[in-house]
2 protein chains.
Amino acid sequence: MSKLRFILAVVAAASIVGTGLAHAAISAEPIQPIEAAKIKNPAIVELGKKLFFDPRLSKSGFISCNSCHNLSMGGTDNIKTSIGHNWNQGPINSPTVLNSSMSLAQFWDGRAADLKAQAGGPIANPGEMGFTHKLAIEVLQSIPAYGAEFKSAFGSDKVTIDEVTTAIAAFEETLVTPNSRFDKWLKGDKKALNANETAGYKLFKDSGCVACHNGPAAGGTSYQKMGVVEPYKTASKAEGRFGVTGKDADRFNFKVPTLRNVEMTYPYFHDGGAATLKDAVNTMARIQLGKKFTDGENAKVVAFLKTLTGDQPSFMLPILPPSTDSTPRPQPFSK
Amino acid sequence: MSKLRFILAVVAAASIVGTGLAHAAISAEPIQPIEAAKIKNPAIVELGKKLFFDPRLSKSGFISCNSCHNLSMGGTDNIKTSIGHNWNQGPINSPTVLNSSMSLAQFWDGRAADLKAQAGGPIANPGEMGFTHKLAIEVLQSIPAYGAEFKSAFGSDKVTIDEVTTAIAAFEETLVTPNSRFDKWLKGDKKALNANETAGYKLFKDSGCVACHNGPAAGGTSYQKMGVVEPYKTASKAEGRFGVTGKDADRFNFKVPTLRNVEMTYPYFHDGGAATLKDAVNTMARIQLGKKFTDGENAKVVAFLKTLTGDQPSFMLPILPPSTDSTPRPQPFSK
């Protein structure tokens with residue numbers, strides 16, 4: 001999906017909200033079904049899958065992309081802020097990698113334009129994988145079985161960071177989650193949701209949640225201030241988009257996270273401050289919309305949100321080619 | 001394979017060596033092919049697979065069995081000694097979980113009688129997963145989808161540590177690696193090895209390596225002193241079997257590791273002191289057998305060892321059931 005289509009979707013959703021969603025005659029819903037990934041180059045995707053699971057891209061030999069974006073757990077680590085090299089406490093909650101290709105940019109502050117630009121970040125971040133691109137390439141280049149895969153994928157067995165991040169991004173683009181119950185409902189199977197869940201969806205729309213959580217990913221289409229109506233109280237020092245643009249207006253602006261598979265991606269918000277969906281829904285209503293849901297309303301919205309869990313990634317655990325005598329060894333405990 | 005059969009195999013191998021292996025007319029080889037696992041109870045195995053991959057069995061929510069026995073990497077972590085809770089530097093090299101059901105006991109010092117007894121150890125070890133059995137059970141019991149799996153596997157949805165370790169062990173028993181090139185050769189396909197590799201196998205037998213590395217796993221059948229002919233120099237404080245029996249004679253006695261998939265299970269020895277197979281073969285020859293291989297001989301033995309890589313575990317990445325509002329949350333950074 002192009003950025004233009006996303007922007008149009010955001011504009012459309014905003015104008016729907018503006019005209020009063022509950023009464024508008026809408027032919028299109030603000031959230032669209034997720035479609036299965038079309039794999040363009042299987043060799044690149046298979047290589048990217050191995051790289052995603054390979055902890056040799058970290059200094060310690062212990063942390064892979066999958067450590068914090070665990071594909072067994074909704075593409076997240078399910079902890080408030082991530083654990084990095086030397087048990088470093090990360091500054092921010094790991095966003096899910098699932099459906100991340102649908103975001104307008106990557107990271108909570110959007111500092112990477114796309115998945116390829118994102119993929120190189122954690123490898124070289126001293127508090128995450130703690131490595132360097134140069135050393136990561138040396139490791140991969142020393143393993144002939146990887147060389148052969150790079151050759152098959154890119155036409156040359158010379159490994160570059162550009163190819164590494166291209167392959168990881170290509171794999172991540174396949175990590176979409178179609179066939180949620182909500183998507184079945186959107187496509188016309190009205191029995192896919194029960195009355196409680198459709199009531200939750202109606203509340204979600206009528207309350208204005210869709211102003212930000214729209215598009216196929218139910219999020220990821222815009223930056224929004226965390227704390228529109230009421231300031232968000234947090235110990236987190238993250239300032240969001242301000243760190244990228246330097247504009248005061250962007251302080252505490254964060255990319256709106258996807259709500260797809262949200263039942264699996266706890267805890268919530270950029271600081272992981274909400275442990276449960278109930279907490280997250282109540283806080284969002286209060287600080288973004290100035291609303292207070294009753295317990296019954298909250299439960300309905302949560303019931304709807306749980307229908308957004310789609311087919312999880314389904315593939316064989318990759319087997320990584322072994323290091324060789326010349327492969328640089330991990331340095332987990334060196335200072 | 002029963003323990004009795006292992007003991008008989010060890011006795012047989014020892015007597016073969018005693019009579020002079022190179023000249024003995026042996027109908028049976030000292031290493032036997034690995035057979036595919038027979039799964040008795042698929043529900044228990046599937047549950048065990050999920051538990052093996054579930055980091056919620058650790059205090060941090062970050063470390064699973066698969067962290068240090070990574071099934072993408074030969075069932076090991078490929079670092080000298082493992083990283084545990086709070087980046088604790090472990091005291092010993094993580095042995096491979098592959099074919100571990102064939103060992104006479106578990107851990108390098110054999111302090112656990114079997115895989116089930118082993119499985120509970122790391123969960124409650126403060127320097128490994130850093131959790132308690134009680135809390136691990138509370139986590140699992142709070143997740144209805146796990147309750148249903150325990151019910152399907154064991155007839156009751158009440159989770160116990162006995163069931164948890166039974167399931168993990170049942171999964172681990174499936175982690176065997178048949179169809180190595182060496183096994184094909186053993187079964188009669190004489191083209192499965194080249195001349196260099198068969199020469200390496202002959203050297204391996206003639207030099208006495210098979211005295212300890214025998215049976216289907218090419219190891220795991222006995223405890224042996226590390227440093228028979230010459231003391232092994234290491235900074236490791238591990239004293240092996242002595243820690244279990246308290247007998248002076250058991251000091252520096254360690255379980256002989258399997259050589260199956262040894263190309264993937266670097267670094268070698270209980271302290272991870274040998275980075276490469278070349279190093280490992282030379283050190284073993286010198287300190288255990290009082291031999292010095294030429295570079296050519298060493299290369300032949302290494303070539304043979306690389307034929308022991310079998311079919312790696314082949315299954316879909318498990319998807320873990322999400323925590324619920326009542327699930328105790330991980331505590332990665334609490335003291």
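Residue numbering restarts at 1 for every chain, and letters A, B, ... go by the order of the sequence lines.
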Notebook entry, point to check: What is the distance from atom CZ of A:Phe62 to atom CZ of B:Phe62, rounded to the nearest 0.5 Å?
Noted result: 6.5 Å

Item checked: Spacing of A:Ile319 atom CD1 and B:Met264 atom CE [to the nearest 0.5 Å] -> 6.0 Å

Determine which donor-acceptor pairs between chain B and chain A fall under 3.5 Å and list them with their distances.
from: B:Arg56; atom 1: NH1; to: A:Tyr266; atom 2: OH; distance (Å): 3.4
from: B:Ser72; atom 1: O; to: A:Leu320; atom 2: N; distance (Å): 2.8
from: B:Ser72; atom 1: OG; to: A:Pro318; atom 2: O; distance (Å): 2.7
from: B:Trp87; atom 1: NE1; to: A:Pro332; atom 2: O; distance (Å): 2.9
from: B:Tyr266; atom 1: OH; to: A:Arg56; atom 2: NH1; distance (Å): 3.4
from: B:Tyr266; atom 1: OH; to: A:Ser323; atom 2: N; distance (Å): 2.8
from: B:Tyr266; atom 1: OH; to: A:Ser323; atom 2: OG; distance (Å): 3.1
from: B:Ala275; atom 1: O; to: A:Arg329; atom 2: NH2; distance (Å): 3.0
from: B:Phe315; atom 1: O; to: A:Leu317; atom 2: N; distance (Å): 2.9
from: B:Leu317; atom 1: N; to: A:Phe315; atom 2: O; distance (Å): 2.9
from: B:Pro318; atom 1: O; to: A:Ser72; atom 2: OG; distance (Å): 2.7
from: B:Leu320; atom 1: N; to: A:Ser72; atom 2: O; distance (Å): 2.9
from: B:Ser323; atom 1: N; to: A:Tyr266; atom 2: OH; distance (Å): 2.9
from: B:Ser323; atom 1: OG; to: A:Tyr266; atom 2: OH; distance (Å): 3.1
from: B:Arg329; atom 1: NH2; to: A:Ala275; atom 2: O; distance (Å): 2.9
from: B:Pro332; atom 1: O; to: A:Trp87; atom 2: NE1; distance (Å): 2.9

Check: Based on non-hydrogen pairs under 4.5 Å, which of B:Pro313, B:Pro332, B:Pro330 is most in contact with chain A?
Finding: B:Pro332

Check: Are the side chains of B:Pro322 and A:Met73 in touch, meaning some heavy atoms are under 4.5 Å apart?
Finding: no

